[in-house]
Amino acid sequence: MGKKNSEKKEKVSDGKIKIAFFDAKDYDVASFEEANPDGKFVIKYFETKLNEDTVKLAKGYDAVCVFVNDNVNDKVISALKKRGVKLVALRCAGFNNVDVQAAKDNLGVVRVPAYSPYAVAEHAMALLLTSIRRIHKAYIRTKDFNFSLNGMMGFDLHGKTVGVVGTGKIGRVFIDICRGFGMNVIAYDKFPAKDSDIEYVDLKDIWERSDIISFHCPLTEDTYHLVDEKSIKHMKKGVVLINTSRGALIDAEALLEGIRERKIGAACLDVYEEEADVFFEDRSGHILGDDILARLISMPNVIVTSHQAFLTKEALTNIAHTTLANIEEYLANGKCENEVK
Ligand code: NAD
């Protein structure tokens, strides 16, 4: 047996796998501790994100566990390797923040491809209903005993056309939910599903025919700034955009301009292009440095949640169990079903 393999075996056979856990929040600690009752994994929780400055904290750990806004670029990967780390375990589905090419032949990368498509799809619908039925306004008004209905008029979802971009696990659940509301569904996917009754159209049709557009595709070179000045021009006046996928699918400046021009009727954003330095933290009492985000939040027809769509009990439980199983499988066998290649 080669040195590399005997090392791997040793780590697993002593029953303790050491994990440096970055960007840890209270809910992460609770779900991972629950999934690790016998202490098989020794997990050190770091509040800081993983990046070039913090990578030294990973020295001596078998694996790092990261989330959507940790920056696992080529420099971080070579620094991890130098410090003996064998695996980057994403506790999320998307992996656009990991330089997978740089990791090849250096480190393993595993992810949680599915933990609850329902969590994200239901959040997308919650945002849509809140926005078009002005629930966010009503909540504040009635708290102040203001029972006026002025400015609260919404519209029926029944009979409206929704364009779904990306018909994978989450997109399909969202389609089912929309059909339950009696909406007409059209969809675009670079790799359309062959086993479905989904009406696939090209992107131009999505822009031109949809009253509501919801994004459920990954962030790639193809999908970067899918919504920009040019595509907004093709959209219907009053279109509602929902983004629970990745922020950079939408050019935030173009979105703001579209809202100012009254072309875009509403925007429901669970993700934002420059969210890494803002989301997941309590910034109340601070002056927000991002003028575009501040302006978007100030709009009455924009709802922002801070990358919250995944945050259900069921999803967190699945994330913790799958992540720990991925780490154990990869360190034992040097490969894993949920490896990103
Ligand atoms: P999935 O892999 O099951 O589906 C993605 C779909 O997008 C696939 O059908 C794929 O063919 C399609 N696609 C790929 N490239 C495309 C392109 N260029 N144009 C159009 N479609 C394209 O993924 P999923 O589990 O449904 O997740 C979708 C996205 O949701 C993830 O990539 C992730 O970014 C995001 N997400 C967000 C949260 C959150 O909390 N907000 C949580 C989980 C996932």
Side-chain angles (χ1 to χ4, degrees), residues 23 25 27-28 31 66-70 90-98 100 111-128 163-178 185-196 198-207 210 213-228 231 241-250 267-273 275-276 278-280 303-319 322-323 337-341:
D23 202 8
K25 302 284 184 275
Y27 49 80
D28 292 316
S31 58
V66 300
F67 197 49
V68 295
N69 290 320
D70 293 287
L90 286 144
R91 53 182 189 278
C92 55
F95 50 88
N96 53 285
N97 53 330
V98 178
V100 178
R111 67 178 183 131
V112 184
Y115 40 87
S116 171
Y118 311 103
V120 183
E122 288 171 14
H123 191 79
M125 182 48 89
L127 286 173
L128 175 60
V164 177
V165 180
T167 56
K169 292 173 284 297
I170 297 169
R172 284 200 193 203
V173 174
F174 186 71
I175 288 172
D176 287 345
I177 293 172
C178 289
V185 178
I186 55 174
Y188 169 76
D189 196 300
K190 194 174 175 185
F191 310 100
K194 294 193 175 72
D195 61 332
S196 80
I198 297 169
E199 181 189 345
Y200 283 104
V201 298
D202 63 22
L203 266 180
K204 195 160 168 281
D205 271 346
I206 295 280
W207 307 148
S210 304
I213 305 174
S214 193
F215 294 92
H216 302 288
C217 58
L219 174 63
T220 64
E221 274 176 22
D222 284 347
T223 60
Y224 177 78
H225 283 187
L226 213 49
V227 173
D228 60 6
S231 55
L241 301 181
I242 310 165
N243 190 5
T244 55
S245 185
R246 284 293 181 266
L249 297 184
I250 297 182
C268 306
L269 308 174
D270 185 53
V271 286
Y272 172 70
E273 208 175 348
E275 70 178 46
V278 184
F279 280 13
F280 300 113
I303 297 184
V304 174
T305 51
S306 54
H307 210 134
Q308 174 188 333
F310 74 100
L311 198 65
T312 66
K313 173 127 188 62
E314 292 79 0
L316 287 180
T317 302
N318 290 338
I319 287 171
T322 308
T323 303
E337 196 192 339
N338 292 327
E339 205 171 338
V340 180
K341 292 199 172 134

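Indexing begins at 1, ligand by ligand and atom by atom, following the structure's order. All figures in this text were calculated on a predicted structure; none of them were measured in a lab.
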> Measuring from each atom of ligand 1, which residues have a heavy atom under 4.0 Å away?
Replying inline: Tyr115, Val120, Gly166, Thr167, Gly168, Lys169, Ile170, Tyr188, Asp189, Lys190, Phe191, His216, Cys217, Pro218, Asp222, Thr223, Thr244, Ser245, Arg246, Asp270, His307, Ala309, Phe310
> Quick one: CZ on Phe215 to CG on Leu249, what's the gap to the nearest 0.5 Å?
Replying inline: 7.0 Å
> Do any pairs count as a side-chain hydrogen bond (donor to acceptor under 3.5 Å, both in side chains) and have a residue in residues 165-176, sequence neighbours left out, and if so which ones?
Replying inline: Thr167-Asp189, Thr167-Tyr200, Arg172-Asp195
> What residues form a ring-ring contact (aromatic ring centres under 6.0 Å, His included) with Phe280, not counting sequence neighbours?
Replying inline: Phe67, His307
> Looking at Gly94 and Cys92, what are the two nearest heavy atoms and their distance?
Replying inline: O-SG, 3.4 Å
> Which pairs, with at least one residue in residues 216-227 and sequence neighbours excluded, count as a salt bridge (Lys or Arg N to Asp or Glu O under 4.0 Å)?
Replying inline: Lys190-Asp222
> Out of curiosity, Tyr115 OH to Thr317 OG1, how far, rounded to the nearest 0.5 Å?
Replying inline: 13.0 Å
